[in-house]
2 protein chains.
Amino acid sequence: MDSNDTAGQGVPADAGDAGDGPSVVDAGDASPAPAPGASRRRSSPTIYDVAQAAGVAPLTVSRTFSRPGRVNAETADRIRKVAAELGYRTNPMARALATTHTNLLALVVPDITNPVYFEIINGVQDEAAEAGYTVLLVDSRESDKREREALERALPIVDGIVLGTSRMSDASIRMIAKQKPMVALNRAVREIPSVVPDNARGVRRALEHLGELGHDLVTYLAGPEASWADGMRWRGLREASLELSMHVRRIGPLAPTVAGGVAGAKAWLQAPTTGVIAYNDLVAIGFIRAVQGRGKRVPEDVSVVGYDNIFAADLVSPALTTVATPRRALGAAAVRNLVAQIKGAHPRGGPPVVVPVKLVERESTGPNARA
Amino acid sequence: MDSNDTAGQGVPADAGDAGDGPSVVDAGDASPAPAPGASRRRSSPTIYDVAQAAGVAPLTVSRTFSRPGRVNAETADRIRKVAAELGYRTNPMARALATTHTNLLALVVPDITNPVYFEIINGVQDEAAEAGYTVLLVDSRESDKREREALERALPIVDGIVLGTSRMSDASIRMIAKQKPMVALNRAVREIPSVVPDNARGVRRALEHLGELGHDLVTYLAGPEASWADGMRWRGLREASLELSMHVRRIGPLAPTVAGGVAGAKAWLQAPTTGVIAYNDLVAIGFIRAVQGRGKRVPEDVSVVGYDNIFAADLVSPALTTVATPRRALGAAAVRNLVAQIKGAHPRGGPPVVVPVKLVERESTGPNARA
DNA sequence: ATGAAAGCGCTAACAA
DNA sequence: TTGTTAGCGCTTTCAT
């Protein structure tokens, strides 16, 4: 909520250009459209204007901007110069109509508010920008209805879709994938190229970490039943526990929220363990607050590992030890794959691209007091 | 990071409508673009196809979708039916080219990652959807260069811009406002319609609250020097302190981050007060952690009030008492204003639209121990 | 390396 | 209420 404004003086002074008296507060009241030409901007110059001014054919101007190299260097320079003088800018709509592609990508996430998506968004946006695409962020706010509607709107104007943790059914997803190139993120969908973090490896590292600290009985605070990621993590946990000769219990399903963590704590108090691995950071945070409220100390009485390494993980006390998912890399990988598809590569229905994760050790884990 | 995937079972069931045999899993490796027509989607039907099938003129089809009501109800029904059968969808690019408007709005924020913008984004998106617009979210990541570039890209394809807490100079902003309708958020820019929260009222409420708890000397942890909001808050604070017969000290400027709060704590420890008001929640959080680290208790030794009421404010301990800015309302108001402009209303250069704020009392404030 | 013609799909004007 | 005629600004053939 800060800005670099220099208008800090708060001067209401109004250099009124329409001069219709002192600030009429209400926005768009009566007066309809101003006479076209009033404060209205002149229609911008086109390739024809530039062509004429530069003494070439319109097509040459077009080429100068869309396929440089296919035009004489000198000619191109001259055209560019003239264009700059005239303030020419290529019209994306016209180009889109002619080429059928917009250079827009849709990125769908279930909840912008969820810190998990920050870096994904950044990764997607950076990689997209690099490839010459602008991204249209679609926030479905955890509603498959909203997701479908928003996607419906976006579909006809984008060249491809990055579907982050979709709330839609596999069937709906495949339906959409038939219409536009698509890559799924954080979720494997048959026949759809997908990019996922290495969930198995993540929980395994968490378990190892706990093991090294002397905890050999740990509780897993499970996520939503329908969660693909949760399934992967629980499976990975069981396998790892076998290899490491440790024991893992499961509590859940839990909502993937602070409240879910609180609920998990209730159950855990019935049968405490010195080690806990949570489905995600929010659950871990809720769990910690709840058990602290019951007089337990973290990490002295119980070590807890979160998952995702969200923004807030570093803010709570104790700061959360957690598995960091490479969200930026995830987003970037998805875009690369998507752009490849758009450029003409066949979509690969093969196994998901798996991106590595890593454990971030902070204050919520410590040696087993009993050891 | 969870999903509702049903693919857990791996059900391959696919009511294949294209029926080209059992899912050929591995599509393409080397081979370049597929023969146009292979897995490529057929070019979609146009108004001409629909017109022909329905036995009317193309224009009538066009009207049916763009100006319903201007066409006979029965005819319209028939056309819609035929269109549905053919799977006709109006082509936004063609429409945009013809009408010169895209029904896209740009929302520029300096940092998606900043919780402050969540609700603004939601408010903007909802209101925009209601008005028939899709929003293109532009994240400038605190860089005026990036902001300018992204805006550059977005400008030609949007009908208007909501500029949230811009990092650009007033001059740049006015420049852009000349090209497209615009509304500034959280910042007053001369000659540009703007919507801002009631900063003066906010700090005043914070001060009152502290006063009621018996603190009459409070420290203000100031934000960045260049911040418009900071100026407003400090000014509001001074005025309120006069009226309330309280005393306010100022420490700063500080970075609007957790680190800034830590820095502020250092200075505060030189001359502690029992009441503290921070520029924003992040600063408050940093401050609290730092003073706690020096053995001070919150709120027993010092009461602190944050600003903004971000997501994390409720997660830290003690939970933060803070001034909640009506971010969703802010976003919605901006869009209403913007759409009014687009629809033809004159831009109003008058004073900013001011949206009310409110104080959220949580655990970080308490009675003055000395009282 | 450059150009002329045609058209992408839709919507403004005007008619009828 | 409906239809006809022109474009919107760009990129595609296919020449030159």
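Residue numbers start from 1 in every chain, and the chains themselves are labelled A, B, ... in the order their sequence lines are given, proteins ahead of strands.
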Trainee: Any idea which of D/dG9, D/dC10, D/dT2 is nearest the B/Thr75 side chain?
Mentor: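 Among D/dG9, D/dC10, D/dT2, the one nearest the side chain of B/Thr75 is D/dT2.
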
Trainee: Side chain of A/Asn103, backbone of A/Gly132: donor and acceptor closer than 3.5 Å?
Mentor: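 Side chain of A/Asn103 to backbone of A/Gly132: a pair is present.
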
Trainee: Grab the CG-C1' distance between A/Asn91 and D/dT11 for me, whole Å please.
Mentor: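 To the nearest whole Å, that distance equals 12 Å.
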
Trainee: Do any side-chain nitrogens or oxygens of B/Tyr88 fall under 4.0 Å of OP1 or OP2 in C/dC10?
Mentor: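 Answer yes for this pair, as a side-chain N or O of B/Tyr88 is under 4.0 Å from OP1 or OP2.
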
Trainee: Pick the closest DNA chain C nucleotide for B/Arg67 and for B/Leu97 by heavy atoms, then say which residue is nearer the 5' end.
Mentor: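 Mapping each residue to its closest nucleotide by heavy atoms, the 5'-most match is B/Leu97.
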
Trainee: Compute the bend angle of the helix from C/dA1-D/dT16 to C/dA16-D/dT1 from the end axes (five pairs per end), rounded to 10°.
Mentor: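 The angle separating the two end axes equals 20°.
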
Trainee: Indicate whether any N or O donor in one side chain lies under 3.5 Å from an N or O acceptor in the other, for B/Arg95 and B/Thr90.
Mentor: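 Present: a donor and an acceptor within the cut-off.
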
Trainee: Tell me the interatomic distance from B/Gln52, atom CD, to C/dG9, atom C1', rounded to whole angstroms.
Mentor: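 About 16 Å, once rounded to whole Å.
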
Trainee: What is the separation between atom CD1 on A/Ile47 and atom P on C/dG3, rounded to the nearest whole Å?
Mentor: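 Going from A/Ile47 (CD1) to C/dG3 (P), I get 12 Å.
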
Trainee: When you measure from the side chain of B/Thr60 to the backbone of B/Val56, do you find a donor-acceptor pair of N or O atoms at a distance under 3.5 Å?
Mentor: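 No, the answer is negative, given that no donor and acceptor are paired below the 3.5 Å cut-off.
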
Trainee: Which of the following nucleotides, C/dA12, C/dA4, D/dC10, is nearest to the side chain of A/Ser62?
Mentor: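 Nearest nucleotide to the side chain: D/dC10.
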
Trainee: Of the listed nucleotides (C/dG3, D/dG3, C/dA1), which one gets closest to any side-chain atom of A/Asn72?
Mentor: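 For A/Asn72, the side-chain atoms sit closest to C/dA1.
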
Trainee: Testing A/Val50, A/Thr64, A/Asp77 for side-chain contact (heavy atoms from CB on, under 4.5 Å) with A/Val82, which one passes?
Mentor: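 Single pass found, and it is A/Val50.
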
Trainee: Could you please name the option among C/dG3, D/dT11, D/dG9 that lies closest to any side-chain atom of A/Thr60?
Mentor: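 So the nucleotide nearest the side chain must be C/dG3.
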
Trainee: Whole-Å distance between C/dT11 P and B/His101 NE2?
Mentor: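 That distance rounds to 9 Å.
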
Trainee: Rounding to an integer number of Å, can you tell me how far B/Asp49 CG sits from C/dC8 P?
Mentor: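 From B/Asp49 CG to C/dC8 P: 11 Å.
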
Trainee: Is there a donor on the side chain of B/Tyr48 or the base of C/dC8 sitting less than 3.5 Å from an acceptor on the other?
Mentor: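 Such a pair does not exist between side chain and base.
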
Trainee: Choose from D/dG7, D/dT4, D/dT12 the nucleotide whose nearest atom is closest to any side-chain atom of A/Leu59.
Mentor: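 Nearest to the side chain of A/Leu59 among the choices is D/dT12.
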
Trainee: Do B/Ser172 and B/Arg148 meet the criterion of a side-chain donor-acceptor pair at a distance under 3.5 Å?
Mentor: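 The criterion, which ignores hydrogens and geometry beyond distance, is satisfied for B/Arg148 and B/Ser172.
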
Trainee: Rounding to a whole Å, what distance do you find between A/Arg70:CZ and D/dC10:C1'?
Mentor: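 Result: 17 Å.
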
Trainee: If I take atom CZ in residue B/Phe65 and atom P in nucleotide C/dG9, what distance separates them, rounded to the nearest angstrom?
Mentor: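 Going from B/Phe65 (CZ) to C/dG9 (P), I get 16 Å.
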
Trainee: Look at the side chain of B/Arg174 and the backbone N and O of B/Arg190, then say whether any donor-acceptor pair between them is shorter than 3.5 Å.
Mentor: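 Yes; judged by distance alone, with no hydrogens or angles, the pair exists.
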
Trainee: Looking only at the side chain of B/Thr99 (C-beta and beyond, no hydrogens), which of the listed nucleotides D/dT11, C/dA12, C/dC14 gets closest?
Mentor: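 Between D/dT11, C/dA12, C/dC14, the one nearest the side chain of B/Thr99 would be C/dA12.
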
Trainee: Answer yes or no: does a side-chain N or O of B/Arg63 lie under 4.0 Å from OP1 or OP2 of D/dG3?
Mentor: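 For B/Arg63, the contact criterion (side-chain N or O under 4.0 Å from OP1 or OP2 of D/dG3) is not met.
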
Trainee: Report the residue (A/Arg95 or B/Ala73) whose heavy-atom-nearest nucleotide on DNA chain D is the more 5′ of the two.
Mentor: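 Per heavy-atom nearest nucleotide, the more 5' residue is B/Ala73.
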
Trainee: Ignoring hydrogens and geometry, is there a side-chain-to-backbone donor-acceptor pair from B/Asn337 to B/Val195 under 3.5 Å?
Mentor: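 Looks like no, no N/O pair under 3.5 Å.
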
Trainee: Mind calculating the distance between CG (B/Asn103) and C1' (C/dT11) to the nearest angstrom?
Mentor: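 After rounding, the reported distance stands at 14 Å.
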
Trainee: Looking at B/Val124, is its backbone amide N or carbonyl O close enough to the side chain of B/Arg328 to form a donor-acceptor pair, meaning the two atoms are under 3.5 Å apart?
Mentor: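 Looks like no, no N/O pair under 3.5 Å.
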
